[in-house]
Protein chains: 2
Amino acid sequence: MARSTSTQRSLPPSDEIGPGFESHVPGVDYGVLDNLVGYAIRRAQILVYDDFLQALAPWDITPPRFSALVLIARNPGMKQTDLAQLLGIARSGVVMLTDGLEALGYVRRVASKTDRRAYMLELTSAGSKALSAIEAAVREHDARMSSRLSEAEKSKLIQLLARIGPAGEQQ
Amino acid sequence: MARSTSTQRSLPPSDEIGPGFESHVPGVDYGVLDNLVGYAIRRAQILVYDDFLQALAPWDITPPRFSALVLIARNPGMKQTDLAQLLGIARSGVVMLTDGLEALGYVRRVASKTDRRAYMLELTSAGSKALSAIEAAVREHDARMSSRLSEAEKSKLIQLLARIGPAGEQQ
DNA sequence: TATTGTTATACTCTATAACTATA
DNA sequence: TATAGTTATAGAGTATAACAATA
């Protein structure tokens, strides 16, 4: 392709890194990548993650933090170990995640009455209030990312993605 | 929900972390997460990434390494800067990526004849040979991850994912 | 004995910034 | 003056292992 001099694309506005990620640069041969579900997911994920971070920056919320907030809100009283399992991360990771959400004033550790080793997680009233705004921002972000899809296509996409996974699992 | 004692699910076989990530634990309320395209993508990505790593471990190949290999194979003569742009990472990242692939004997840096600052990337014959096996393994992995989808659904999914992205881009 | 939360540690990934040699 | 590759450094994110308190 010899893009060296000819196809030289407009370079990044900031130093080093450009608009993040162009999912499909014209004139480039992506070979098998274009036929892989995994690569399509990866591509989309990079774009979504980047936009999420920007959109939720005012609340200092990352995807894992958002997932944790929603899960705690909808399932109050979970132990940290429970959350670790739901998020698929180690318990030590939940400690730091919880520390962060506690520092933001969104989450509270409540001593369990049945197990003195454990803490039950719940939202503070500030966290509950913040989550409303945060959820709205996330919905807006999500709508923007799928704005080229109809509602039907969006549902279809979610449904198809839910069936992705190694051979004998879920469903 | 009070899963503390009652709903206590079978715990990880290894210490700390379980089978990775259960995308949807029954009895748990995922709230808005179930309606977000972004979360569906994130879920799928975690499962795919994990399986990819296991499947490609024999070749010591990660998703970024695989993408790089394919792009170099199909577009020989790219500069490292070109690859950085395609992958959406910093130039310094490509240096290490290339170092790794060079150490594996798969990629070669060839001095450009037109620009003495630049190197053109290309596969070695060993890299070319290895890529055949690697591609086969990746295809197998990808087929396993989407084994619950028909060919038509798989195509549809790839097509829908390609349309994900912030408002005014691609397509 | 096993589990909960915690800490300490390390490892990976990647960005930033500065440097050099070219252009 | 700008760009290619490189290096050094630092910051996330997350895993592992060990520990005290409790079960």
Side-chain angles (χ1 to χ4, degrees), chain A residues 3-5 8-21 42 45-46 49-50 52-53 57 60-65 67-68 77-85 87-100 102 107 109-121, chain B residues 3-5 8-21 42 45-46 49-50 53 60-65 67-68 77-85 87-100 102 107 109-121:
Chain A
R3 304 176 48 245
S4 303
T5 50
Q8 191 168 335
R9 191 164 325 285
S10 62
L11 286 176
S14 111
D15 189 33
E16 284 304 336
I17 197 70
F21 177 60
R42 182 177 163 78
Q45 228 277 323
I46 291 173
Y49 194 89
D50 188 61
F52 186 106
L53 250 37
D60 202 11
I61 290 296
T62 59
R65 280 184 171 181
S67 302
M78 270 191 303
K79 291 181 298 180
Q80 292 180 197
T81 299
D82 294 328
L83 187 56
Q85 198 217 347
L87 297 176
I89 64 178
R91 285 175 300 153
S92 59
V94 171
V95 172
M96 293 201 298
L97 197 53
T98 305
D99 284 348
E102 209 173 32
V107 163
R109 283 171 163 101
V110 180
S112 165
K113 293 182 177 175
T114 58
D115 186 339
R116 287 164 56 195
R117 295 169 303 181
Y119 290 102
M120 294 166 33
L121 298 173
Chain B
R3 305 177 49 246
S4 303
T5 50
Q8 190 167 338
R9 190 164 326 286
S10 62
L11 287 176
S14 109
D15 188 33
E16 283 303 336
I17 198 70
F21 177 61
R42 183 177 162 76
Q45 227 278 322
I46 292 173
Y49 194 88
D50 189 60
L53 249 39
D60 202 11
I61 289 297
T62 60
R65 280 183 171 181
S67 302
M78 272 192 300
K79 290 181 298 180
Q80 292 181 196
T81 299
D82 294 328
L83 186 57
Q85 198 215 348
L87 298 176
I89 65 178
R91 285 175 300 153
S92 59
V94 172
V95 171
M96 293 201 297
L97 197 54
T98 305
D99 283 350
E102 208 173 32
V107 164
R109 285 171 163 102
V110 179
S112 166
K113 293 184 178 178
T114 58
D115 185 340
R116 287 165 54 194
R117 296 169 304 182
Y119 291 101
M120 294 165 35
L121 299 173

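Note that the coordinates shown come from a computational prediction; the quantities given were computed from them, not determined experimentally. Because only heavy atoms are used, hydrogens play no part in the values below, and waters and symmetry mates are left out as well, while side chains stay in. So you know, we letter chains A, B, ... as the sequences are listed, proteins then strands, and number each from 1.
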What is the distance from atom [atom1] of [X] to atom [atom2] of [Y], rounded to the nearest 0.5 Å?
X: L97(A); Y: S67(A); atom1: CG; atom2: OG; value: 9.0 Å
X: Q80(B); Y: L87(B); atom1: CD; atom2: CG; value: 11.5 Å
X: I89(A); Y: M96(A); atom1: CD1; atom2: CE; value: 8.5 Å
X: D82(A); Y: M120(A); atom1: CG; atom2: CE; value: 10.5 Å

Rounded off to whole Å, could you give me the [atom1]-to-[atom2] distance for the [X] and [N] pair?
X: L83(A); N: dT3(C); atom1: CG; atom2: P; value: 19 Å
X: L87(A); N: dT14(D); atom1: CG; atom2: C1'; value: 12 Å
X: D60(A); N: dG13(D); atom1: CG; atom2: P; value: 10 Å
X: E102(A); N: dT6(C); atom1: CD; atom2: C1'; value: 13 Å
X: F21(A); N: dA15(C); atom1: CZ; atom2: C1'; value: 17 Å
X: L97(A); N: dA15(D); atom1: CG; atom2: P; value: 12 Å
X: D50(A); N: dA12(D); atom1: CG; atom2: C1'; value: 15 Å
X: L53(B); N: dC13(C); atom1: CG; atom2: C1'; value: 12 Å

From the set [options], return the single nucleotide nearest to any side-chain atom of [X].
X: I89(B); options: dA23(D), dA15(C), dT3(D); result: dA15(C)
X: D115(A); options: dA4(D), dT4(C), dT6(D); result: dT4(C)
X: Q80(A); options: dT6(D), dA23(D), dG5(C); result: dG5(C)
X: R91(B); options: dT14(D), dT6(D), dT22(D); result: dT6(D)
X: Y119(B); options: dT6(D), dA23(C), dT3(C); result: dT6(D)
X: V95(A); options: dT7(C), dT4(C), dA4(D); result: dT7(C)
X: S92(B); options: dT16(C), dT6(C), dA4(D); result: dT16(C)
X: Y49(A); options: dG13(D), dG5(D), dT4(C); result: dG13(D)

N/O donor-acceptor pair under 3.5 Å between R91(A) side chain and L83(A) backbone: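 No, the answer is negative, given that no donor and acceptor are paired below the 3.5 Å cut-off.
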
N or O in side chain of R65(B) less than 4.0 angstrom from dC13(C) OP1/OP2: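 No, because none of the side-chain N or O atoms of R65(B) sits under 4.0 Å from OP1 or OP2 of dC13(C).
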
Phosphate-side-chain proximity, T62(A) and dA12(D), N/O vs OP1/OP2 below 4.0 Å: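 Result: no.
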
Comparing A118(B) and R116(A) on DNA chain D - which has the more 5′ nearest nucleotide: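 Result of the comparison: A118(B).
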
Comparing P64(A) and D99(B) on DNA chain D - which has the more 5′ nearest nucleotide: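 The residue whose closest nucleotide sits nearer the 5' end is D99(B).
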
Base of dT3(C) paired with side chain of R117(A) (donor-acceptor, under 3.5 Å):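 Side chain to base: pair found, below 3.5 Å.
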
Greater than 12 external heavy atoms within 6.0 Å of Y119(A)'s OH: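 Count not over threshold, so no.
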
